[in-house]
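A short worksheet on the structure shown next.
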Amino acid sequence: MDYLVKGNDIYLKQDDFDLEQTLDCGQAFRWEKDGDKFFGKALDKSLTIYSKNDYFVFENTKEKDFIDFWVNYFDLETDYGELKELFSCDKTLSKACEFAWGIRILKQDSFEALCSFIISQNNNIPRIKGIISRMCELFGHFPTPKQLSEADENMLSPLRAGFRSKYLIDCGKKVFSGEIKLEEIKTSEIVDSRKNLMKIKGVGPKVAECALLYGMYKTEAFPVDVWIKRVLSEYYPEGFPQELYKYQGIAQQYLFHYIRKGL
DNA sequence: TTCCAGGCGTATC
DNA sequence: GATACGCATGGA
């Protein structure tokens, strides 16, 4: 980890990292750009970050928070250069990685990722951000399982989440009661993890896959939405390369960004 | 006005 | 197991 402490800020040198690409590629929904700075939240933490010359500046950040939280959140200990090399064996992926060279997978909190992607269904990214923002405003922070379990649809009406409100409540109830144990799901075999997540109303194959990839860092989880469906039918009619299985979720993120913004 | 968005539950066969 | 349809909301 190549960083230094300067006043109240942390200066980090990091390859394969672009803020815009990482924070605005549809994996997290609580980051906003203001000029050249990004302001965002993850669980109860918040951060202002921007790039300056060869460095990423973590503004007003304690070294302890950087080490204990943000290093993991931004997945700084994974070598994305190595991953991109692995992906370069495939022509389409190679182009996607060239275009979206600075994407990293954010290691988000499991409950936050799960709720976020429940909200994402049949929805567009600006609206997903709006609903999550209003939800955090309503509760004062990202809601806990307990808080969602105690909510009712009327209480959640300010979110304008539509039919997804009842799904959020069911998710809160099942996680809070322990019927769904996210910590166990994190460490179990992915087949079992999927099966368990889908016991929650409003969690189907796509949402489960997103929760696994972004909230539990199962890099083989492969969310297929309308965009990835288009990529698969156009460029991978024979199926996705099996030799990339272990990291196909990360590959998917490069492809997702590429097809939406690069073509 | 109609279509679409990081889908899913339900009914029906 | 596959397919069809409705669903809340708001921007294009």
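In what follows, every chain begins at residue 1, and chains take the letters A, B, ... in the order their sequences are listed.
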Measure distances between side-chain N and O atoms of [X] and base N and O atoms of [N], and say whether any donor-acceptor pair falls under 3.5 Å.
X        : N     : value
A:Glu209 : B:dG6 : no
A:Arg164 : C:dA8 : yes
A:Arg160 : C:dT9 : no
A:Asn122 : C:dA8 : yes

Mind checking [X] for me? I need base, sugar-phosphate or nothing, with any heavy atom below 4.0 Å counting as a touch.
X        : answer
A:Gly202 : sugar-phosphate
A:Val203 : sugar-phosphate
A:Gln253 : base
A:Ile228 : base
A:Pro126 : nothing
A:Glu153 : nothing

No-hydrogen, no-angle side-chain donor-acceptor test under 3.5 Å, A:Tyr247 and A:Glu82: no
Rounded to the Å, how far apart are [X] [atom1] and [N] [atom2]?
X        : N      : atom1 : atom2 : value
A:Phe163 : B:dG9  : CZ    : P     : 10 Å
A:Asn124 : C:dC7  : CG    : C1'   : 15 Å
A:Arg134 : C:dG10 : CZ    : P     : 7 Å
A:Arg194 : B:dC8  : CZ    : C1'   : 17 Å
A:Leu159 : C:dT9  : CG    : P     : 11 Å
A:Ile119 : C:dG10 : CD1   : C1'   : 16 Å
A:Leu114 : B:dC8  : CG    : C1'   : 14 Å
A:Gln121 : B:dT10 : CD    : C1'   : 14 Å

A:Trp227 aromatic ring stacked with six-membered ring of B:dG6, 5.5 Å and 30°: no
Contact summary for A:Lys62 and A:Ile10, nearest pair of heavy atoms: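 Looks like C-CD1, 4.4 Å.
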Minimum side-chain heavy-atom gap A:Leu12-A:Asp2 below 4.5 Å: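 No, too far: nothing below the 4.5 Å cut-off.
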Close side-chain approach of A:Tyr3 and A:Leu76, heavy atoms under 4.5 Å: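 Sidechains of A:Leu76 and A:Tyr3: no contact.
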Listed nucleotide nearest any side-chain atom of A:Lys206, set B:dT10, C:dA8, B:dG6: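 Looking only at heavy atoms from C-beta outward on A:Lys206, the closest nucleotide is B:dG6.
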Between [M] and [N], how far apart are the [atom1] atoms? Round to whole Å, please.
N      : M     : atom1 : answer
B:dC4  : C:dG6 : P     : 16 Å
C:dA2  : B:dG6 : C1'   : 24 Å
B:dA11 : C:dA8 : P     : 15 Å

Residue met sooner reading DNA chain C from 5', once A:Tyr167 and A:Arg127 are mapped to nucleotides: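 First, find each residue's nearest nucleotide; the 5'-ward one identifies A:Tyr167.
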Under 4.0 angstrom between A:Lys229 side-chain N/O and B:dG7 OP1 or OP2: no
A:Lys173 side, atom NZ; A:Glu150 side, atom CD - distance, nearest 0.5 Å: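 With rounding to 0.5 Å, NZ (A:Lys173) is 10.0 Å from CD (A:Glu150).
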Within the 6.0 Å centroid threshold, strictly below: A:Phe66 and A:Phe74: no
